[in-house]
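Beneath this line is the structure, given in structure tokens, with notes to follow.
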There are 2 protein chains.
Amino acid sequence: MKKVPEGTISRLFIYLREITELARMNIRTISSAELGERTNLSDAQVRKDLGYFGHFGVSGAGYDTNELKQALEKILGKDKTWNVAVVGVGQLGSALISYSGFKKHGLQFIAALDADTKKVGKKVGEITIESIGELPKVVSNKKITIGIIAVPAEGAQEVAEKLMAAGVECLLNFAPVSLNVPENVKVKDVDLSRELETLSYFLANKK
Amino acid sequence: MKKVPEGTISRLFIYLREITELARMNIRTISSAELGERTNLSDAQVRKDLGYFGHFGVSGAGYDTNELKQALEKILGKDKTWNVAVVGVGQLGSALISYSGFKKHGLQFIAALDADTKKVGKKVGEITIESIGELPKVVSNKKITIGIIAVPAEGAQEVAEKLMAAGVECLLNFAPVSLNVPENVKVKDVDLSRELETLSYFLANKK
DNA sequence: TAATATTTGTGAAAGATTGCACAAAGTCTG
DNA sequence: CAGACTTTGTGCAATCTTTCACAAATATTA
């Protein structure tokens, strides 16, 4: 298969979200132009993105919303579920566990770990916090495939290494550091401070 | 000035973070190669990024950490402070307000608004939650320049419009929708579900 | 069914970003 | 202080991404 740009994957989720909404509203077909308008993307972009994965459209008519929805769900792995562990149960970690936005997406938060012994045994939502020492056991018993790193910067690399040693190959990193990982491991960085700071750059350099 | 790539700005914050750490450790100079190694970026990338803003290095020696730190702080608007309002005080909104990661960055969270009248009057950290009806007043009284949208997808566009009508030109949007904004307004989207889902794509398509 | 109108899928062009490679500038050593 | 070494800054090349533009396919209309 031809190499698919990073951004394409990300946009497929946007299309899927929109298409799902359209299907729910009983709209049967949509053109790339309309879909683009709804997502603030160009029609060409929509077509090219979809084009990486097959021929889903019909000339003169557009895309069937139900078909495209199913196709995208398949492509994006929505037909499967993945088990997620959150490491670091501070403000952010707790919020992520409780954040309802994740619930519906085939991602199951089933473990929470923290180094603070005072937190161990307490509950966040329905999950009982476990000691970080238990990490290898938790990962294998609960078949964790995605690890969320929500610890302070200083501890992030160490946590990443523990997760990887336990076999986790996908990390979502909220700590503001560049993690060092081998190339078989996929890391997504979400740096909230940096996002905000970027706005302050914009403000400082406006006009 | 030549057009500066999006990514460059983002990386400047990474350099600044690293440089600040180095300066704190009394390391006086650093080469682009070393800085690149510490941030998992190439030496050429480091030099090119800095090159957009001036000549900060010395051939044969590298960059003076203190000088570079100051220069970056200036470029990135760290010498100023900006007032931030959070709209939507749910799990995520509360976590953002309390998240200590922001405190040190010249970004002051000084207002929180919510549509839920039951929340109005309550406190999150040191901030008292105000009604969303008060938004125009709050923005102008408190000189808000950055708005954080942490409401459900359905309400996001409306909140964005209220903020913009009140004069806010920088938005950090956590709602999973594409906001429609005029081009003088800068929006940064942080879509946590999408980040996680991207990992599930990776898992589904591994090997 | 024929003529017109839509809309896709995709090469090729344009644009943006990153990496290469090296002259020029400065440092360091003996 | 001369020669060896290091490191920057930057054109140029390579790569990656987006946009353009149009033939081909299908729909719609009369």
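In what follows, every heavy atom counts, from backbone to side chain, and hydrogens, waters and symmetry copies are set aside. Chain letters run A, B, ... following the sequence lines, proteins first and then strands; every chain starts at 1.
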Expected list for residues 11-18 of chain A near DNA chain C, using heavy atoms below 4.0 Å, is none
In whole angstroms, the gap separating P of D:dA27 from CZ of A:R28 amounts to 15 Å
* **Under 3.5 Å: donor-acceptor pair, side chain of A:N83, backbone of A:K143** => yes
Out of D:dC16, D:dT18, D:dC12, minimum distance to the side chain of B:K48 belongs to D:dC12
To the nearest angstrom, the CG-P distance between A:D64 and C:dT8 comes to 13 Å
Between CG of A:D43 and P of D:dT18 the distance, given in whole Å, is 14 Å
Report yes if a side-chain nitrogen or oxygen of B:H55 is closer than 4.0 Å to either non-bridging phosphate oxygen (OP1 or OP2) of C:dA25; otherwise report no. no
In whole angstroms, the gap separating P of D:dT18 from CD of B:E6 amounts to 13 Å
- Item | Side-chain H-bond candidate by donor/acceptor type, B:R47 with B:S32, under 3.5 Å | yes
Separation of C:dT17 atom P from B:D49 atom CG, nearest Å, is 11 Å
Assert: residue with more 5' nearest nucleotide on DNA chain C, out of A:A33 and B:P5, is A:A33
Of the candidates D:dT19, C:dG19, C:dT17, the side chain of B:K3 sits closest to C:dT17
Next on the checklist: Is it the case that the side chain of B:K186 and the backbone of A:F202 share a donor-acceptor pair, with hydrogens and angles ignored and the cut-off at 3.5 Å?
Outcome noted: no
So does B:D43 pair up with B:K48, basic N to acidic O under 4.0 Å?
-> no
- Message: Quick test of your reading of the model: are B:E34 and B:R38 salt-bridged, counting only N-O distances below 4.0 Å?
- Response: no
*After noting the C-alpha distance and the side-chain angles of B:E197 and B:R194, does the key distance pass the salt bridge (Lys or Arg N to Asp or Glu O under 4.0 Å) rule?*
CA-CA 5 Å; B:E197 290 170 325; B:R194 210 163 77 220; over 6 Å; no
Whether the side chain of A:D114 engages the backbone of A:G88 through a donor-acceptor N/O pair (distance < 3.5 Å, no angle test) should be reported. no
Protein-proximity profile, nucleotides 2-7 of chain C, B/S/- by nucleotide at the 4.0 Å heavy-atom cutoff, equals ----BB
Value for CD1 (B:I75) from CZ (B:F13), rounded to nearest 0.5 Å, stands at 10.0 Å
Walking DNA chain D from its 5' end, the first of B:L50 and A:A44 to be reached, judged by nearest nucleotide, is B:L50
With a cut-off of less than 4.0 Å, is there a side-chain N or O of A:Q45 near OP1 or OP2 of D:dT19? yes
TODO: Describe the nucleic acid contact of A:G57 in one word from base, sugar-phosphate, nothing, applying a heavy-atom distance below 4.0 Å.
DONE: sugar-phosphate
Whole-Å distance, B:I9 CD1 to C:dA16 P, equals 15 Å
message: Please determine whether salt bridge (Lys or Arg N to Asp or Glu O under 4.0 Å) holds for the pair A:D79 and A:K74, giving the CA-CA distance in whole Å, both sets of side-chain angles, and the decisive distance to 0.1 Å.
response: CA-CA 6 Å; A:D79 51 343; A:K74 182 90 187 295; 5.7 Å; no
